[in-house]
Amino acid sequence: MAKRLRLAARARTAPLFAHAYAFHLNMRFGGMTPLHLADFTAAQRLSGLKLHVDDGEQASLGRMDGDALAGFAAQMKARGLELHVETSTTAPHGLADAVRIALATGATSLRCYPRYEGRVSQIIAWTIADLRRLADFDPQGRLRYTLEQHEDLKSEELIHIIEAVGNPRLSLLFDFGNMINAYERPMPALAIQAPHITEVHVKDCLVQPDRGGWAHLACLSGEGRLPIQAMLLELLLLGEDRPQVLAFGLEEEEGYFAPALRRPSDGPDPFIPARTASFTGRGTGDLGPRLSREAAAAHRQVETIRTMLEDIALEAERTEG
């Protein structure tokens, strides 16, 4: 009884965050700025915003000076929004700079992930060494940190990194589709990572065979192959006295493609090639309609996920009754 009542309450109060990647093309080519994204977040009555240090090109957090970062922090506070900063590296220089930006903007959380070329064993060792420096970059422990599963490492390898680093402020960010590229399935990956998950990226994708492994092609939420509602339910149940998951980032990524990085034929220590940070191609057609479709998809995902959460709540109540 208590479990179902708790589930219904958590589904209706889930901390939904806007994610800048839902406006990836608009922020690269359409002149959308972090402040515009904050306005969208507030208008949608979301809890906060997940923003990469490079989102917004010239207007990005990474290009702002100290006064501009403080001004953005004030704008977020005025809107009553929590800020989570993201970066696409664990390398010391990039990680230290992202910590500086996060602290200057009043952010509460910083997401990172390794983007190294090398054997899996090397990537794991380098990442552990990188993340052990978090205490040097943030000696007062003002930020929470999340390591995201980002297409190359498997769930058990991520758990090993978290446990080896041993920083109580470091946990996992679970992305709904990124395990596909490491040749894992969503629900088993979630079960393995569950004890360490505190944040989430919500998206959908199609799964495609790719050189003996699996690639993923992101699509509109509800139109892909991922068990979104089942994952939401399991994530909402994490934590006894209080919810374990502190942020559900709405990361609609229609058109984003990520190739297979792990395969069943891998040897004991496979090689991961170099790769760029994530981006979605603009396509060859007229950019204007593409930007409009992207914005419409971001709005629609908010509605889709809220509907799924309400369905979870109603089902819990019906079963209870």
Quiz prompt | D210 (side chain) donor-acceptor with G213 (main chain) under 3.5 angstrom | solution = no
Quiz item: Do the non-hydrogen side-chain atoms of F72 and L51 ever get within less than 4.5 Å of each other?
Solution: yes
Quiz item: Is the side chain of D269 donor-acceptor paired with the backbone N or O of R119 at a distance under 3.5 Å, no angle test?
Solution: no
Quiz item: Between R211 (side chain) and A260 (backbone), is there a donor-acceptor pair under 3.5 Å?
Solution: yes
Quiz prompt | Smallest separation among heavy atoms of L81 and A42, with atom names | solution = CD1-N, 4.1 Å
Quiz prompt | Whether R282 side chain and R290 backbone form a donor-acceptor pair below 3.5 Å | solution = no
Ignoring hydrogens and angles, write down the donor-acceptor pairs under 3.5 Å from the side chains of residues 191-198, residues two or more places apart or on other chains.
| unit_1 | atom_1 | unit_2 | atom_2 | d |
| --- | --- | --- | --- | --- |
| Q193 | NE2 | S155 | OG | 2.9 |
| T198 | OG1 | S171 | OG | 2.6 |

Quiz item: Can you tell me how far the CG atom of L233 sits from the CG atom of L238, to the nearest 0.5 Å?
Solution: 10.0 Å
Quiz item: Would you say D55's side chain and A20's backbone share a donor-acceptor pair under 3.5 angstrom?
Solution: no
Quiz item: Roughly how far, to the nearest 0.5 Å, is OH of Y21 from CZ of F279?
Solution: 8.0 Å
Practice problem: Check for a donor-acceptor pair, side chain of R132 on one end and backbone N or O of A164 on the other, with a separation under 3.5 Å. | Solution: yes
Quiz item: So, R300 and E303, do they make that salt bridge, N to O below 4.0 Å?
Solution: no
Practice problem: Let me see the working for I161 and L170 under side-chain contact (heavy atoms from CB on, under 4.5 Å), right down to the final yes or no. | Solution: CA-CA 10 Å; I161 291 171; L170 176 65; 5.5 Å; no
Quiz item: Does a donor on one side chain and an acceptor on the other come within less than 3.5 Å for Y145 and D138?
Solution: yes
N/O donor-acceptor pairs under 3.5 Å from side chains in residues 25-38, not counting sequence neighbours:
| unit_1 | atom_1 | unit_2 | atom_2 | d |
| --- | --- | --- | --- | --- |
| N26 | ND2 | L291 | O | 3.0 |
| N26 | ND2 | E294 | OE1 | 2.6 |
| R28 | NH1 | H24 | NE2 | 3.1 |
| R28 | NH1 | T280 | O | 2.8 |
| T33 | OG1 | L35 | N | 3.4 |
| T33 | OG1 | H36 | N | 3.2 |
| T33 | OG1 | H36 | ND1 | 3.2 |
| H36 | ND1 | T33 | N | 3.1 |

Quiz item: When you look at T41 and M76, which way does the side-chain contact (heavy atoms from CB on, under 4.5 Å) test go after all the steps?
Solution: CA-CA 10 Å; T41 307; M76 292 293 289; over 6 Å; no
Quiz item: What are the two closest heavy atoms between G94 and T87, and how far apart are they?
Solution: O-OG1, 4.4 Å
Exercise. For E310, check side chain to side chain donor-acceptor pair (under 3.5 Å) against everything at least two apart and list the hits.
Key: R12
Quiz item: What is the minimum heavy-atom distance between A277 and R115, and which atoms define it?
Solution: N-NH1, 3.5 Å
Quiz item: Do the non-hydrogen side-chain atoms of L217 and Q208 ever get within less than 4.5 Å of each other?
Solution: yes
Practice problem: Please name the residue in the list E82, E199, E86 that meets the side-chain hydrogen bond (donor to acceptor under 3.5 Å, both in side chains) test with S109. | Solution: E199
Quiz item: Quick one: CE on M308 to CD1 on I228, what's the gap to the nearest 0.5 Å?
Solution: 4.5 Å
Quiz item: Between the side chain of Q149 and the main-chain N/O of D175, is any donor-acceptor distance below 3.5 Å?
Solution: yes
Quiz item: Just by distance, do the side chain of R111 and the backbone of L173 share a donor-acceptor pair under 3.5 Å?
Solution: no
Exercise. Flag the pair E240 and R6 as a salt bridge only when some basic side-chain nitrogen lies within less than 4.0 angstrom of an acidic carboxylate oxygen.
Key: yes
Quiz item: If you round to the nearest 0.5 Å, how far is CH2 of W126 from OG of S121?
Solution: 8.5 Å
Quiz item: Can you name the closest pair of heavy atoms from A91 and D130 and give their distance?
Solution: N-OD2, 3.7 Å
Quiz item: With a 4.5 Å limit on heavy-atom distance, are the side chains of H216 and E151 in contact?
Solution: yes
Quiz item: By side chain to side chain donor-acceptor pair (under 3.5 Å), which residues pair with R275, not counting sequence neighbours?
Solution: D152
Quiz item: Quick one: are P270 and R263 in side-chain contact, heavy atoms under 4.5 Å?
Solution: no
Quiz item: Does some side-chain heavy atom of I101 sit less than 4.5 Å from a side-chain heavy atom of L110?
Solution: no
Practice problem: Would you give the length of the straight line joining atom CG of L83 to atom OG1 of T105, rounded to the nearest 0.5 angstrom? | Solution: 4.5 Å
Quiz prompt | Any I272 side-chain heavy atom under 4.5 Å of Y116 side chain | solution = no
Quiz item: Can any side-chain N or O of D204 pair as donor or acceptor with the backbone N or O of L226 at less than 3.5 Å?
Solution: yes
Quiz prompt | Connected hydrophobic set around Y113, excluding itself, where side chains approach under 4.5 Å | solution = none
Quiz item: Could you state the interatomic distance from CD (E315) to CZ (R318), rounded to the nearest 0.5 Å?
Solution: 5.0 Å
Quiz item: When you look at H19 and K50, which way does the side-chain hydrogen bond (donor to acceptor under 3.5 Å, both in side chains) test go after all the steps?
Solution: CA-CA 5 Å; H19 196 293; K50 290 182 173 291; over 6 Å; no
Show me the side-chain donor-acceptor pairs of residues 245-255 shorter than 3.5 Å, one per line, residues at least two apart or across chains.
| unit_1 | atom_1 | unit_2 | atom_2 | d |
| --- | --- | --- | --- | --- |
| E251 | OE1 | H201 | ND1 | 2.9 |
| E252 | OE1 | S221 | N | 3.4 |
| E252 | OE1 | S221 | OG | 2.6 |
| E252 | OE1 | Q301 | NE2 | 3.3 |
| E252 | OE2 | S221 | N | 3.0 |
| E253 | OE1 | K203 | NZ | 3.3 |

Self-check item: Close side-chain approach of L147 to P114, heavy-atom, < 4.5 Å
Solution: yes
Self-check item: Criterion side-chain contact (heavy atoms from CB on, under 4.5 Å) on L172 and I162, from CA distance to verdict
Solution: CA-CA 8 Å; L172 291 179; I162 293 289; 3.6 Å; yes
Quiz item: Does a sphere of radius 6.0 Å around CZ in R169 hold more than 12 heavy atoms from other residues, nucleotides or ligands, not counting ones at 6.0 Å or beyond?
Solution: yes
Self-check item: Test item: R133 side-chain N/O and A129 main-chain N/O as donor-acceptor pair under 3.5 Å
Solution: no
Quiz item: Is there a side-chain contact between L314 and E317, using heavy atoms and a 4.5 Å cut-off?
Solution: yes
Quiz item: Given the rule in the side-chain contact (heavy atoms from CB on, under 4.5 Å) test, do F271 and E117 qualify, once you have shown the distances and angles that lead to the verdict?
Solution: CA-CA 8 Å; F271 181 82; E117 177 179 65; 3.3 Å; yes
